[in-house]
Amino acid sequence: MSDFKWTRKDLLSIYDLSAEEIIHILDTAEEFKKVSQRRVKKVPALRGKTVVNFFVEPSTRTRISFELAEQRLSADIINIATESSSLKKGETLLDTVKNIEALQVDLIVMRHSATGAPNFLAERLNCGVVNAGDGAHSHPTQALLDLFTIREKKGSFKGLNVSIIGDIRHSRVARSDMWGLLKLGANVTFAGPATLVPEEFRELGVRVCHNLPEALEGADVVNLLRIQHERQRSGFFPSIGEYSGIFGLNESVLKYMKPDAMIMHPGPINRGVELASALADGERSVILEQVTNGLAVRMAVLFLVAGCLK
Ligand code: CP
């Protein structure tokens, strides 16, 4: 590991991080991945620290892997869900977290449907804040686990072609992956219907494409995004069947892919819509490895930010 010094008490977005900081997290995660392969899967790195998992939006992978990461680091853990909190009685988010902080907690891991909610809190709290996904804005630990998986499989990022396909417009994963990949020297393509892939992304250095075979050709990594059924009701595309027929990844379009191209998906998958089951569970898929790597990445993030708390 390098002698790079981590200085952030919060992790809010990939956009904020330098390439060096991203690589430092990935290197740290590599060390933590070894912990989960031991017989005793626990280290005392966060002993005496209290972490609050505050998920105001549903989550399976992110919430469970943060909690497991905290357990493996020996932290004390509190889980708060909206339904059982006083947010339901009309308490403001800031009042709620100020009260949590008054109990001398060290870190808050937050998922929220409102863009910027973790940034708003981080500016007002002394404890650390880790963004577990906010609105369509940012999902930094998902991007970090995607980057970790890509590096593990492909070795490096320079010149690597990564195609991200689906509902780019509403995706915090697409935005976070994009910033991380561009900072590390990869080429990014966003693909999908014109209604879901805004042209403005070209200005950031992304190739925008509305044709699936074109997006697949030459791609080293193909990352599918979940298509939400409510987008059809909002008129972004005519029907799920038509979306799937034109942009769904299935065996009929495999011929356009490089033999060693790998398939990723952040989950949850809409099987048979953006991705056929045969491919989601096939040999090119690294989807469950992404989940495994998410644990190591979240252990690394918690360890690094906890080291910067006053
Ligand atoms: N990838 C992801 O964020 O999944 P969850 O919503 O289940 O956490």
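Because the structure is predicted, anything quoted here is derived from the model rather than measured. First listed ligand is number 1; within each ligand, the first listed atom is number 1.
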Peer 1: Using a strict cut-off of 4.0 Å, indicate which atoms of ligand 1 neighbour a heavy atom of H139.
Peer 2: 2 (C), 3 (O)
Peer 1: Inspect the contact between K33 and E30 and indicate whether a charged nitrogen and a carboxylate oxygen are less than 4.0 angstrom apart.
Peer 2: no
Peer 1: Need the ligand 1 atom indices (1-based, order shown) with element for anything under 4.0 Å from a heavy-atom of T60.
Peer 2: 5 (P), 7 (O), 8 (O)
Peer 1: Out of all atoms in ligand 1, which are within 4.0 Å of some heavy atom of G267? Include the element for each.
Peer 2: 1 (N), 2 (C), 4 (O)
Peer 1: With the threshold set at 4.0 Å, does a side-chain nitrogen-carboxylate oxygen contact exist between R151 and D27?
Peer 2: yes
Peer 1: Please write down residue, atom name and distance for the protein heavy atom closest to atom 4 (O) of ligand 1.
Peer 2: R61 NE, 3.1 Å
Peer 1: Among all protein heavy atoms, pick out the one at the shortest distance from atom 1 (N) of ligand 1; state its residue, atom name and that distance to 0.1 Å.
Peer 2: P266 O, 2.8 Å
Peer 1: Can you name the atoms of ligand 1, numbered from 1 with element, that are less than 4.0 Å from a heavy atom of Q142?
Peer 2: 1 (N), 2 (C)
Peer 1: Answer with yes or no whether E57 contacts ligand 1, where contact means a heavy atom under 4.0 Å from a ligand atom.
Peer 2: no
Peer 1: With sequence neighbours excluded, give me every side-chain hydrogen bond (donor to acceptor under 3.5 Å, both in side chains) pair touching residues 253-262.
Peer 2: D220-K258
Peer 1: So, does N99 use its side chain to make a donor-acceptor pair with the main chain of D95 at under 3.5 Å?
Peer 2: yes
Peer 1: Counting the benzene-type ring for Trp, do F236 and H170 have ring centres under 6.0 Å apart?
Peer 2: yes
Peer 1: Under the ring-ring contact (aromatic ring centres under 6.0 Å, His included) rule, collect the residues that match up with F201, sequence neighbours excluded.
Peer 2: F190
Peer 1: Under a 3.5 Å cutoff, is there a donor and acceptor pairing between the side chains of H139 and R111?
Peer 2: yes
Peer 1: With heavy-atom distances below 4.0 Å as the criterion, list the atoms of ligand 1 near T62.
Peer 2: 2 (C), 3 (O), 4 (O), 5 (P), 8 (O)
Peer 1: Can you tell me which residue and heavy atom of the protein come closest to atom 6 (O) of ligand 1, and the distance to 0.1 Å?
Peer 2: R111 NH1, 2.9 Å
